[in-house]
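Residue numbers start from 1 in every chain, and the chains themselves are labelled A, B, ... in the order their sequence lines are given, proteins ahead of strands.
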2 protein chains.
Amino acid sequence: MNQRTYRVRQFAKLAGVTVRTLHHYDHLGLLKPRAHTESGYRLYGDLDLVRLQQIITLKFIGVPLQQIRELIDGQAVDLAGLLRMQRMMLEEQQRNIEQAIQAIRQAENLALAGTEPDSETITKIIEVINMATNNEWVNSYYTQEQLQTLAERATPETIAEGQNAWSQLIADIEQAAANGVDPASKEAQQLIQRQEELIGGFTGGDPGIRENLNKLWSDKGNWPTTFKSPYSQAAEAFLEQARGHGKQG
Amino acid sequence: MNQRTYRVRQFAKLAGVTVRTLHHYDHLGLLKPRAHTESGYRLYGDLDLVRLQQIITLKFIGVPLQQIRELIDGQAVDLAGLLRMQRMMLEEQQRNIEQAIQAIRQAENLALAGTEPDSETITKIIEVINMATNNEWVNSYYTQEQLQTLAERATPETIAEGQNAWSQLIADIEQAAANGVDPASKEAQQLIQRQEELIGGFTGGDPGIRENLNKLWSDKGNWPTTFKSPYSQAAEAFLEQARGHGKQG
DNA sequence: GATACAGGCTAACGTCGCGTAAGGGTCAAG
DNA sequence: CTTGACCCTTACGCGACGTTAGCCTGTATC
């Protein structure tokens, strides 16, 4: 019984792979057809189908073909170790991809604001992605509890709103600095005021979070090279002076 | 100013890439060093570092090197479209990896039970992974609300317990079938009883879920080839007969 | 001045899992 | 006897580098 045989095409369709894949596996010695016709056609049987499905399964969880062969051919392998390794590999990939996706989402948010596809846009986009990428590093400045607090308050909407407000403010500050606005002027002080409000919205009035945010900024010299201040040097100088006047006045 | 230059090794370390990568980018014309010494050594500057970091960033979100070059060199590209495409790609990968991880976790659960690393273990592991892989397909048999109900009741512990109980029961049934136990015997009826209890634990007494589970089994002929019944043919026949006797008696 | 060692260079093949021709044979139907 | 669907082998292509191999440069030490 069980004399049922298939030719490559049929067999491939049956298992959901391409003919080329079967050729490849044959070549590697991973899955040899049960028989050949006189003219050299490959003939696969039901047993081959079982084996192929095992191969597909192991491939699905990321095992390289070489190792699959060793596994199926019954060579002694540390199965538990293999599974753990594969899982850990996949989990790391997962973390990376998750980060990448988050980064892109942030960039997309920003791309909607600046509609012009000029060459500067790209630079900005990349900076935004970098910011998002350095999330882990930024987080290292806060305690577990503080992160918890921040996470609880952050809904998608508040994040989006905050980003819009920030990018607007940053643009305004850059312009003020470029136009040589007097840091002591009412206009400058209003900018400082807006910044304080946004920071307040972020910290939620938590003094510990505020303190660690200050610490992050005072560590500016040690920031990773991929992490950039959103302000130009001119704008930062402007801000510093404006803050000085604010305290005095 | 800004005359600072680095040789490959230093520059590579600075950016966290390998020397070979820099050679590669140079070859592709993606990142040419700012200058060369008389003897041909590559000399990189700070501007190169900026560009390299842009490259790394774009690579991080999955953009191919060719396209990165076009992007950075200011050729007009549909930036929003690019971001959307990358995000969708990554999201699909994310789904696949998530599935693979879940599958491995299930397999690991089972691997702890059978401590012997024999050749049969591998077969079982693969079956378990296949089962997990077909989760989506299985889910298509239930309504949204039912899936919701099932998800709410499933904690990691209950899942693990359930799996242990099932694998135990399946082993017992297989043995009974192999030993030619009379399907009408008390022993057989006890097995049926245990199965009913486990099914009850799964359905949580919900008649709709129970009904759809039955539907799933009666569709047996249309199951995907990767989805296998946990029972051998003999065991299934045994179960059917036993159930028949149970109804009559 | 010789030598050792670290680091640089180019050229070119290896990796992984196939996709994609190129060039030609097999087989049943019209 | 041709057509068209299917099969075969051989071999290069892809993407982003890793890895030799063989040779050159630059600095420190003997």
Measuring from atom CD1 of A/Ile101 to atom CE of B/Met88, what distance do you get when rounded to the nearest 0.5 angstrom?
11.5 Å
Can you tell whether the side chains of B/Arg34 and B/Asp46 come within less than 4.0 Å, N to carboxylate O?
no
Are B/Glu91 and B/Arg87 ion-paired here, with the side-chain N under 4.0 Å from a carboxylate O?
yes
May I have all residue pairs that pass salt bridge (Lys or Arg N to Asp or Glu O under 4.0 Å) and include part of residues 19-29 of chain A, sequence neighbours excluded?
A/Asp26-A/Lys32, A/Asp26-A/Arg42
Reading nucleotides 7-20 of chain D 5' to 3', which nucleotides get B (base under 4.0 Å from a protein heavy atom), which S (sugar-phosphate only), which -?
SSB-B----BBBB-
Rounded to whole Å, how long is the line connecting atom CZ of A/Phe11 with atom P of D/dC6?
18 Å
What I'd like to find out is whether the side chain of B/Asp48 reaches to under 4.5 Å of the side chain of B/Tyr6, using heavy atoms alone.
no
